[in-house]
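Within every chain, numbering begins at 1; the chains are lettered A, B, ... in the order of the sequence lines, protein sequences first and strands thereafter. Quick note: numbers below take in every heavy atom, side chains included, and nothing from hydrogens, waters or symmetry partners.
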Protein chains: 2
Amino acid sequence: MQHVEEKTAATDSWRERKKRATRAALVEAAVRMAVERGVEHTTVDAISEAAGVSPRTFFNYFDSREEVFVLVGAESSARVRSALLEAPRELSPLEALRDAMAVELQEIEQQQELWRLHAEVLRRSPELLARSIGAHMADELDLAEAVAERIGAGSPLFSGNRAGNTEVEAEQRRRALGLYPRLVAAVGASAVRIAVEHWCVHQEEAAVEDVFLEVFDHLAAGLPEPPPPARSGRR
Amino acid sequence: MQHVEEKTAATDSWRERKKRATRAALVEAAVRMAVERGVEHTTVDAISEAAGVSPRTFFNYFDSREEVFVLVGAESSARVRSALLEAPRELSPLEALRDAMAVELQEIEQQQELWRLHAEVLRRSPELLARSIGAHMADELDLAEAVAERIGAGSPLFSGNRAGNTEVEAEQRRRALGLYPRLVAAVGASAVRIAVEHWCVHQEEAAVEDVFLEVFDHLAAGLPEPPPPARSGRR
DNA sequence: ACGTGATTTTGCAGGGTCTGCATTTTTGCA
DNA sequence: TGCAAAAATGCAGACCCTGCAAAATCACGT
């Protein structure tokens with residue numbers, strides 16, 4: 001994982017815009033090419049040529065060839081995280097998380113084009129799918145920390161200030177993490193994953209958001225004995 | 001992913017035993033070496049030399065260098081799957097899954113040695129952790145199919161016979177998969193993941209199995225509003 | 001407009017990963 | 001023992017990825 005953007009201040013110069021453009025060009029070139037000729041025949045040389053940069057430059061933007069296929073929704077987790085922290089305090093952690101994720105999914109559904117292609121790529125390449133899921137999972141830990149932060153807001157430890165990011169401190173944060181935040185994060189992440197996968201396959205049958213909310217509620221409420229009343233013939 | 005073992009029949013010849021031995025030797029050499037000098041300095045050449053085979057042979061056993069670090073518990077998912085299908089029919093899908101997974105975790109805890117080292121490797125390498133989790137997730141889909149099979153046992157479609165494994169048929173199976181099996185599988189997989197991660201960090205504080213059962217029950221019962229009564233000072 | 005320092009791009013060398021193919025070695029069995 | 005199948009091996013070659021230093025580009029003050 002490479003830092004996508006660290007400093008939010010004074011970041012709109014010609015320089016920055018060009019970097020974003022290059023990055024986007026690389027992703028787009030890669031994804032389109034992968035849909036056409038398959039991931040394994042999509043070499044770094046080809047991608048960078050299509051994007052109009054040198055092969056060496058590719059690695060200034062991505063740590064590995066595969067990252068360009070996996071990191072498509074990289075900013076999402078950060079957005080969910082902050083939405084979660086800023087949500088009204090009346091909401092329970094679960095509700096806050098559900099809303100934050102629903103909003104994010106909604107926005108994703110807008111930019112269908114790229115996501116559709118991306119989904120296509122992942123569907124054809126189990127290897128990459130696994131990697132992608134894994135990447136999203138790493139987010140699950142972050143998410144759990146955010147949940148913990150929201151719950152124990154004001155706690156002397158871990159409030160705000162995520163600056164100190166040494167290996168050791170990350171380790172300590174993880175140690176101090178109770179089980180409950182992990183459960184909440186797991187429910188959210190599972191719901192997103194199931195909803196998105198379901199949506200990729202049953203394209204256009206329903207909005208991602210709806211599937212997500214249904215799945216989320218089931219998970220959050222606990223799984224009843226018999227299969228949940230297979231939602232009436234809505235298609 | 002490389003097929004670990006397909007035919008269960010007539011598989012105990014000297015030949016087969018040797019293959020298993022070589023495989024194990026490679027894994028062990030790799031993991032030990034990774035703990036000592038770090039994953040990135042553990043080259044294929046070094047691993048195969050330590051295991052006493054040629055570098056080329058390594059790739060007869062693993063599709064990539066990283067697989068040797070990720071595929072440590074590869075047979076687990078198959079065992080859980082069959083335990084799930086063979087469990088007494090009185091048990092609900094959830095109960096059957098919980099028991100099957102608990103048994104598996106128990107057995108894993110026996111061979112502490114290798115798993116401890118493996119956990120150590122993953123802890124130090126987020127990249128690999130993500131991959132490993134991703135690999136286990138791929139199992140989640142299989143798991144969901146098994147759950148579906150158990151529920152709709154006798155269903156004209158998809159009963160037994162997983163022989164036809166063309167791309168197309170796999171696709172069709174996934175399409176026909178309802179949401180409920182996915183939820184059950186997600187609960188199980190999440191519980192395992194959280195339990196194992198928790199266990200890796202808080203080593204020796206509690207048996208994996210206990211953490212797993214606690215997590216599983218919470219997830220299956222639904223998440224209550226307030227954090228679940230932080231389990232009383234049981235250690 | 002011009003110079004200067006900072007940032008980014010690029011080429012290049014070199015080591016590691018992984019595959020296909022032909023050859024040799026080992027194993028299973030009559 | 002001899003033969004056929006399976007596995008291990010060597011080798012060539014393509015690709016991935018990284019450090020380093022030179023060149024191109026950008027930001028900014030004068």
Side-chain angles (χ1 to χ4, degrees), chain A residues 1-7 9-26 29-30 33-34 37-71 125-128 130-131, chain B residues 1-7 9-27 29-30 33-34 37-71 125-128 131:
Chain A
M1 303 297 167
Q2 211 153 260
H3 281 310
V4 175
E5 202 40 67
E6 192 67 31
K7 48 192 72 169
T11 4
D12 221 41
S13 48
W14 167 235
R15 217 175 188 128
E16 293 300 329
R17 233 172 300 144
K18 192 179 175 186
K19 277 181 72 172
R20 272 196 291 274
T22 303
R23 190 183 195 81
L26 284 171
M33 204 171 292
R37 37 169 128 160
V39 195
E40 60 281 5
H41 302 123
T42 305
T43 70
V44 171
D45 286 339
I47 298 173
S48 17
E49 162 143 18
V53 296
S54 92
R56 183 63 184 81
T57 296
F58 177 95
F59 291 103
N60 287 342
Y61 285 86
F62 303 93
D63 280 341
S64 79
R65 180 182 71 106
E66 311 204 325
E67 221 174 81
V68 82
F69 300 115
V70 163
L71 235 57
S125 167
E127 172 65 29
L128 274 189
R131 253 185 118 105
Chain B
M1 304 299 163
Q2 208 154 260
H3 283 308
V4 174
E5 203 39 69
E6 192 66 34
K7 48 191 71 168
T11 6
D12 223 41
S13 48
W14 168 234
R15 211 174 190 131
E16 292 301 328
R17 233 170 302 144
K18 190 179 176 187
K19 277 181 71 173
R20 271 196 292 275
T22 303
R23 190 185 193 81
L26 284 171
V27 169
M33 204 170 293
R37 35 170 131 159
V39 196
E40 60 282 4
H41 301 123
T42 305
T43 70
V44 171
D45 286 346
I47 298 173
S48 16
E49 162 141 20
V53 296
S54 91
R56 183 64 183 82
T57 296
F58 178 94
F59 291 104
N60 287 342
Y61 285 87
F62 303 92
D63 279 342
S64 79
R65 179 180 71 105
E66 310 204 326
E67 220 175 81
V68 81
F69 300 115
V70 163
L71 234 56
S125 166
E127 172 65 27
L128 275 188
R131 250 184 120 108

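- Here Y61(B) contributes atom OH and I47(B) contributes atom CD1; the two are 14.5 Å apart, rounded to the nearest 0.5 Å.
- Residue Y61(B) places no side-chain N or O under 4.0 Å from the OP1 or OP2 atom of dA7(D).
- The pairing partner recorded for dT4(C) is dA27(D), the criterion being a Watson-Crick or G-U wobble arrangement whose two distances lie under 3.5 angstrom.
- Atoms CG (N60(A)) and P (dC20(D)) sit 14 Å apart, rounded to a whole Å.
- Remark: K18(B) is not in phosphate contact with dT26(C), judged by side-chain N or O atoms under 4.0 Å from OP1 or OP2.
- For residues 41-55 of chain A, every residue pair satisfying the side-chain hydrogen bond (donor to acceptor under 3.5 Å, both in side chains) rule, not counting sequence neighbours, is listed here: S54(A)-T57(A).
- For T57(B), counting side-chain heavy atoms from C-beta on, the closest listed nucleotide (dA8(D), dT19(C), dT25(D)) is dA8(D).
- With rounding to whole Å, H41(B) atom NE2 is found 16 Å from dT17(C) atom C1'.
- Each of G52(A) and S64(B) was matched to the nucleotide of DNA chain C holding its nearest heavy atom; the match closer to the 5' end belongs to G52(A).
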**OP:** Go through the steps for V27(B) and F62(B) under the test side chain to side chain contact (heavy atoms under 4.5 Å, CB included), then give the verdict.
**Re:** CA-CA 10 Å; V27(B) 169; F62(B) 303 92; 3.8 Å; yes

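- Summarising the geometry of E40(A) relative to R65(A), their closest heavy-atom pair is CA-NH1, 4.4 Å, with the distance given to 0.1 Å.
- One interatomic measurement links the two molecules: CZ of F58(B) to P of dG16(C), which rounds to 15 Å at whole-angstrom precision.
- Side chains of R20(A) and R17(A) form a contact here, defined as non-hydrogen atoms less than 4.5 Å apart.
- The heavy-atom pair separating F69(B) from A34(B) by the smallest distance is CE2-CB, 3.7 Å.
- Listed by chain and number, the residues in a side-chain contact (heavy atoms from CB on, under 4.5 Å) with A50(B) are A29(B), M33(B) (sequence neighbours excluded).
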Polar-atom pairs under 3.5 Å, protein N or O versus N or O of nucleotides 10-13 of chain D: list them with distances, or write none.
{"from": "dG10(D)", "atom 1": "O6", "to": "R56(B)", "atom 2": "NE", "distance (Å)": "3.4"}

Below 3.5 Å between N/O atoms, which protein atoms pair up with nucleotides 28-30 of chain C? Just atom names and distances, please.
{"from": "dG28(C)", "atom 1": "OP1", "to": "W14(B)", "atom 2": "N", "distance (Å)": "3.3"}
{"from": "dG28(C)", "atom 1": "OP1", "to": "R15(B)", "atom 2": "N", "distance (Å)": "2.7"}

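- Atom CZ of R17(A) and atom C1' of dC26(D) are 13 Å apart (whole Å).
- Interatomic distance, NZ of K19(B) versus CD of E16(B), reported as 5.5 Å (0.5 Å rounding).
- The two residues S64(B) and F58(B) have their closest heavy-atom pair at O-CE2, 3.9 Å.
- Atom pair F59(A):CZ and dT8(C):C1' shows a separation of 17 Å (rounding to whole Å applied).
- One atom, CZ of R65(B), and another, C1' of dT19(C), lie 17 Å apart when rounded to the nearest Å.
- For the segment residues 42-50 of chain B, the set of residues with a heavy atom within less than 4.0 Å of an atom of DNA chain C comprises T43(B), V44(B), in numerical order.
- Scanning both residues, V53(B) and L26(B), for their nearest heavy atoms gives CG2-CD2, 4.0 Å.
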